[in-house]
Amino acid sequence: MSVRVSEEVVRWGLRFFLSAKAIKSPSFPNQQLAHIRGSVGSQTCLLDISPVGSVRFYSRGRVHSEAVEEKKRLSSPVGDSALSTETLFDEVGSGQTQKRSPFSDRLQPCGSPSDVLDLTLQYSPSVREVSNCLTHMWSITKKLSDEQRRLELQLMFEHPAFDQFLQKAMKTVEHMRTDDLAYSLLAMVKLGVPQGSRVVQTFLRSCQEKLNDFDEKGLSILASCLEQMEGGTNVGALKEGMRLVVEDRLPGIKNVISLQTMMRLLGKDVPLDLKRKIERKALSMTDNFSLPNTQYMISTMAAMGFYSKPLLDICSKTIRENLNGIPFNRLFKVLHSCRELQYRDLDLLTDVSEYVASILDVWTQKQVVLFLSVFEGLAFCPAPLMEAFVKKVIADPAALTLKDLLCVLKVYSSLNYDLQQQRREFLESLSQALDSYLPKMSGFELLKAVYYFSLLGHFPSAPLEQLLQTSTLEKLNLTAPRFLPNQERMFQTVNLCLALERPPLPEPVAVPPSLLGDPFPSSLPVNPWLSQGLQSVLADRADTTLQEMVVVENFYLIDGVITRPPPSQTSVTEASRCAGEERPPAESGQRIAVISTPLSGLCFGTSHPRGTLAVKIRHLKILGYEPVLITEQELQSEEKRTDFLRGRIFPEYLSSDAEPIGSNGDLEDGRREPHLVQRSEPVQS
């Protein structure tokens with residue numbers, strides 16, 4: 001069998017069986033069905049033997065023994081000669097033609113699990129045909145609607161022949177081929193046969209005994225089955241055995257899908273040395289990666305918590321080159337997996353955002369909102385997409401559901417997107433949409449909406465009034481303790497925005513002190529790198545003072561406040577006269593607020609502050625401070641730290657041949673660029 005054909009067969013098989021979860025309907029009344037209880041067979045477990053629970057398998061009829069007849073059939077060379085009714089069992093490309101049995105001919109037309117069970121009463125299935133029956137039963141039910149599937153499975157469990165058929169499966173299990181064994185176990189799990197039942201546990205132990213005989217395809221099927229099973233002694237033992245087998249056979253694996261399925265089985269507890277072996281194996285197979293392989297590889301790495309930048313970069317490059325051929329669900333899954341892995345490739349994110357924006361009308365509103373949400377989770381600002389979506393919201397704000405509306409507010413406030421000329425119209429459109437949902441919003445939903453609007457510097461009166469009503473506040477007072485800190489933080493932010501920004505509202509409003517929580521802690525650890533650097537910068541400047549760890553408005557922490565003396569009265573007067581205006585007393589001095597921030601406080605790939613950091617800068621400016629942002633990564637170089645801080649805080653120290661706007665964001669005449677963050681160089685994560 002060629003590699004290509006083998007890969008197609010495995011891919012088809014995985015797509016066939018991984019499409020739905022096992023059905024466990026509450027409508028199957030256990031108390032109405034008799035359970036067969038007995039001792040576990042005399043098989044010896046290769047890896048581990050666990051006691052089987054009291055649940056064995058469902059039965060409505062008497063126990064029927066066919067031991068003598070079964071021995072004759074199992075010893076007959078005809079017993080295992082029938083072809084499967086599923087393509088998965090066909091020997092594709094073998095060039096051999098096998099004769100179909102009467103049972104197989106009659107199995108194909110069966111349209112329900114009950115029809116299959118009726119057939120087993122007329123004809124006694126062979127070993128291979130038992131496996132074919134199970135896979136055919138699942139093949140039928142997975143194509144039905146949820147309600148039809150529930151009814152058909154109920155009829156199957158209540159069928160008089162079901163118990164007899166499962167007994168047959170247990171008797172033939174030791175004679176099954178490894179592929180049939182894996183497919184049978186997968187089918188039973190999918191059909192909802194209790195995983196603690198005797199038949200499932202028997203198949204698990206048989207898989208343990210034959211584990212060394214499984215080929216690459218069989219291991220892949222078994223891995224996909226175990227991935228969907230609940231934990232248990234036999235399941236755990238089989239998984240551990242498979243880890244040993246996979247590690248031993250890793251160099252010989254040739255199929256990409258098989259490698260990925262086994263990677264998912266290994267899970268997040270894989271030792272680092274095994275992860276490195278998997279990484280080397282996967283990198284050696286990258287020439288064989290198809291587009292679906294690259295997409296699935298990223299989600300597989302997320303499932304096992306395995307971060308390999310070389311492998312992710314290769315997959316990212318392939319995806320970028322083939323964006324037009326990727327449907328929504330796969331593209332979203334790629335971005336979601338990148339978020340789980342905290343892998344952020346600027347080129348990939350930029351290309352995807354531009355691609356989504358370019359065909360915005362093709363996507364549904366729900367899909368666009370999901371894209372925006374996953375970009376926000378990656379701290380990436382998809383400017384083309386956000387700009388295009390603003391126009392869509394303005395055109396039809398009523399199209400937003402409440403859930404979508406809250407998500408949009410969160411994304412735009414978190415990423416601190418500059419709405420420019422469309423700001424007023426966009427925010428009013430969102431306010432209009434929110435007003436229609438006010439009667440049915442919960443207290444916490446209302447708080448989130450007002451909080452997001454406050455971050456955006458917008459204060460619609462109707463949501464604020466409803467939030468601060470006594471009835472709403474009483475409900476929020478009952479918040480569970482584990483959610484209380486987050487609620488208090490949002491109330492503190494809203495209250496501070498109202499106090500400092502003084503929006504024009506019909507009536508003055510304020511948050512009751514009882515909802516604001518505890519004040520800011522008085523003692524906080526000092527950033528040693530920044531502290532040392534600031535002291536070095538100011539060592540030769542007697543005219544400046546430094547205060548460290550200053551808390552402003554009982555809410556904002558400033559790592560260092562540098563106070564410079566006011567310029568001479570003459571220079572002030574001359575500068576004011578030249579500008580044609582008078583400077584207020586508050587501007588006669590200068591207070592520089594030095595703020596140390598992690599990269600998570602900035603939009604990825606830029607030095608643009610986002611979320612609460614952006615609001616903090618806005619409020620510090622209102623309070624008369626001149627904020628200067630310093631990232632923690634910029635302080636790591638001890639040799640350059642002092643010079644870097646001096647250039648950022650005192651731009652007059654910059655060399656005379658500096659560019660008009662330098663890498664530190666300062667203007668050529670010594671004034672700081674308004675956003676106080678560098679713009680010419682992207683910040684690397």
Side-chain angles (χ1 to χ4, degrees), residues 393-394 397-398 400-410 412-414 416-417 419 421-479 483-520 551-556 584 586 611-612 614-625:
V393 170
I394 292 174
L400 290 170
T401 65
L402 176 58
K403 187 175 180 180
D404 291 345
L405 176 59
L406 292 175
C407 183
V408 170
L409 283 170
K410 179 183 179 183
Y412 280 81
S413 62
S414 173
N416 188 28
Y417 177 69
L419 294 163
Q421 292 84 3
Q422 301 180 102
R423 172 182 171 80
R424 183 184 61 81
E425 194 173 2
F426 177 67
L427 294 178
E428 287 181 356
S429 297
L430 293 179
S431 301
Q432 176 187 340
L434 182 66
D435 288 345
S436 64
Y437 293 112
L438 288 179
K440 57 182 180 181
M441 290 178 69
S442 68
F444 190 65
E445 288 175 333
L446 191 58
L447 173 58
K448 287 196 296 183
V450 171
Y451 170 72
Y452 297 143
F453 270 125
S454 299
L455 294 184
L456 289 165
H458 185 66
F459 305 90
S461 59
L464 266 170
E465 291 172 2
Q466 183 167 321
L467 174 65
L468 298 177
Q469 286 178 358
T470 305
S471 58
T472 305
L473 297 179
E474 286 177 352
K475 294 177 181 177
L476 289 171
N477 275 324
L478 302 176
T479 300
F483 300 119
L484 202 55
N486 185 44
Q487 176 178 296
E488 291 174 349
R489 179 184 59 83
M490 288 193 286
F491 267 123
Q492 289 168 354
T493 302
V494 171
N495 188 60
L496 198 55
C497 288
L498 292 172
L500 294 179
E501 301 183 43
R502 300 178 181 178
L505 296 172
E507 295 181 4
V509 293
V511 179
S514 60
L515 293 168
L516 297 178
D518 298 328
F520 203 94
V551 178
V552 179
E553 296 292 322
N554 206 27
F555 188 71
Y556 292 127
T612 54
V615 178
K616 179 178 181 178
I617 291 173
R618 189 170 82 218
H619 287 172
L620 288 179
K621 288 181 179 179
I622 293 174
L623 293 168
Y625 291 91

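Bear in mind the structure is a predicted one, so any value in this text is a computation, not a measurement.
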Under 3.5 Å, is there a donor-acceptor pair between the side chain of [X] and the main chain of [Y]?
X	Y	value
Gln466	Leu438	yes
Gln487	Thr479	no
Ser431	Leu427	yes

I need the [X] [atom1] to [Y] [atom2] distance, nearest 0.5 Å.
X	Y	atom1	atom2	result
Ser429	Glu425	OG	CD	5.5 Å
Gln432	Asp435	CD	CG	8.0 Å
Leu446	Leu464	CG	CG	8.5 Å
Lys616	Glu553	NZ	CD	13.0 Å
Met441	Leu406	CE	CG	5.5 Å
His458	Leu430	NE2	CG	8.0 Å

Determine the minimum heavy-atom distance between [X] and [Y], stating which atoms define it.
X	Y	answer
Gly611	Asn416	N-CB, 4.4 Å
Leu455	Arg618	O-NH1, 3.0 Å
Thr612	Arg489	CG2-NH1, 4.2 Å
Pro512	Leu468	CD-CD2, 4.3 Å
Cys497	Ser454	SG-O, 3.8 Å
Leu456	Arg423	O-NH2, 2.6 Å

State, yes or no, whether a side-chain contact exists between [X] and [Y] at a heavy-atom distance under 4.5 Å.
X	Y	result
Val615	Tyr556	yes
Glu465	Pro506	yes
Leu473	Phe491	yes
Phe555	Leu516	no
Leu467	Leu476	yes
Leu447	Thr472	no
Glu501	Phe459	yes
Phe426	Val408	yes

Review point. Parallel, tilted or perpendicular: which describes the rings of Tyr412 and Tyr417, with under 30° parallel and over 60° perpendicular?
Key: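 Tyr412 and Tyr417: perpendicular rings.
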